[in-house]
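Chain A is the first sequence line, chain B the second, and so forth, proteins listed ahead of strands; every chain is numbered from 1.
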Number of protein chains: 2
Amino acid sequence: MELVKIYECLCDPTRLRLLHVLAQGPVCVCHFQAVLGEPQVKISKHLAYLRARGLVGSERQGNWVIYALPAKPSRELQANLACLQDCARGNPVFKRDLARLKQIEPSCAWVRAGEPQKAPGQCRGG
Amino acid sequence: MELVKIYECLCDPTRLRLLHVLAQGPVCVCHFQAVLGEPQVKISKHLAYLRARGLVGSERQGNWVIYALPAKPSRELQANLACLQDCARGNPVFKRDLARLKQIEPSCAWVRAGEPQKAPGQCRGG
DNA sequence: GAAGCGTATTCCTTGCGGAGAATACGGTTG
DNA sequence: CAACCGTATTCTCCGCAAGGAATACGCTTC
């Protein structure tokens, strides 16, 4: 059952936060580090887990790797991502993640636009 | 996060089927055996897993133990159970379970009514 | 109270996932 | 090409969950 694989991806708090943030749009690994406040290995491994199961896709842009939700998620995935968004409302952890994402956002507008990066500058939102 | 516990319960095919069937109403263990076609140990252990995490409740009636979804599920649980019902539509495994449940149903109307069992008779739907 | 039924709990083995440390990789910059 | 950055992949340890076999439990019946 594909459903089970989806739930396996959802049954870890870190992955839940990653997917919740990704619902806002593509994000690179170092931003995930800043937003979640978790070490790079942890972020990277959970993203690999999600990618291996088709819940996210990735694309390299220079040094950075941008992750995004699939363009055409399956019906099951779509339903569960929507459910997650719904359940996340009111949860302080998820809200804090979004707040941090907003703070960082301006420094990576090019990610959203899909343009190649211009300045080598810092990726971490600071 | 309570959400994670819910997803941990959902990431096994047997438990998914149990919960899906339970959405139709209370069911006793031996009916689960008949409906899912799985051995008693397996059913019983997965039900214990769900009960320990508050996803189901149980009540003894003579020799039988009847399981049911909680009367007042949390918002998260409610949302995810609804999502599961939605995703289950069109899935042959889930459909087959419901079909078997319908066949058995007449033999355990007393379960639904909450009455104590009358005849000792066979519990397995046959 | 002994036998029978339905259900739960051990015990064991197996495999997978999580975490951290160290290291390897690909790409960019001088 | 050397140095550096961002990211990925090892490796090892540990805990938990799944499965099956055997057994224990609670309740009913005779």
* Check whether any side-chain heavy atom of A:Phe32 lies under 4.5 Å from a side-chain heavy atom of A:Leu18, and answer yes or no. => yes
Report yes if at least one side-chain N or O of [X] is closer than 4.0 Å to OP1 or OP2 of [N]; otherwise report no.
X	N	value
A:Arg60	C:dC25	no
B:Ser44	C:dA8	yes
A:Tyr67	D:dA8	yes

Whole angstrom value for the distance that separates [atom2] of [N] from [atom1] of [X]:
X	N	atom1	atom2	answer
B:Lys42	D:dG20	NZ	P	6 Å
A:Leu47	D:dG6	CG	C1'	13 Å
A:Asp12	D:dG15	CG	P	18 Å
A:Glu38	C:dG20	CD	C1'	12 Å
A:Tyr7	C:dG17	OH	P	18 Å
B:Leu10	D:dA18	CG	P	12 Å
A:Arg15	C:dG17	CZ	P	8 Å
A:Leu36	D:dT7	CG	C1'	16 Å

* Structure fact -> Taken in chain and number order and not counting sequence neighbours, the residues that satisfy side-chain hydrogen bond (donor to acceptor under 3.5 Å, both in side chains) with B:Lys42 are B:Glu38
* **Any residue meeting side-chain hydrogen bond (donor to acceptor under 3.5 Å, both in side chains) with B:Arg15, in chain and number order, not counting sequence neighbours** => B:His46
Of all the nucleotides listed ([options]), which has the minimum atom distance to the side chain of [X]?
X	options	answer
B:Arg51	D:dT7, C:dT9, C:dT7	C:dT9
B:Ala48	D:dT9, C:dT9, C:dG18	C:dT9
B:Cys30	C:dG18, C:dT7, D:dT7	C:dT7
A:Val29	D:dA18, D:dA8, D:dA17	D:dA8

* To do: Identify whether any heavy atom of A:Phe32 sits under 4.0 Å from a base atom; if not, whether one sits that close to sugar-phosphate; answer base, sugar-phosphate or nothing.
  => nothing
* What closest approach, in Å, do A:Pro70 and A:Leu55 show between heavy atoms, and which atom pair accounts for it? -> CD-O, 3.0 Å
* To do: Using the closest heavy atom to pick a nucleotide of DNA chain D for each, name whichever of A:Gln40 or B:His46 lands nearer the 5' end.
  =>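 Its nucleotide being nearer the 5' end, the pick is A:Gln40.
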* Any donor-acceptor pair under 3.5 Å joining the side chain of B:Lys45 to the base of D:dG20? -> yes
* Any N or O donor-acceptor pair linking the side chain of B:Asn63 to the base of D:dG26 at under 3.5 Å? ->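 When only heavy-atom distances are counted, B:Asn63 does reach the base of D:dG26 through a donor-acceptor pair under 3.5 Å.
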* **Cation-aromatic face contact A:Arg53/A:Tyr49, 6.0 Å, 45 degrees** => yes
* To do: Between A:Glu8 and A:Val41, name the one whose nearest nucleotide on DNA chain C is closer to the 5' end.
  =>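 Checking each residue's closest nucleotide, the 5'-ward one belongs to A:Glu8.
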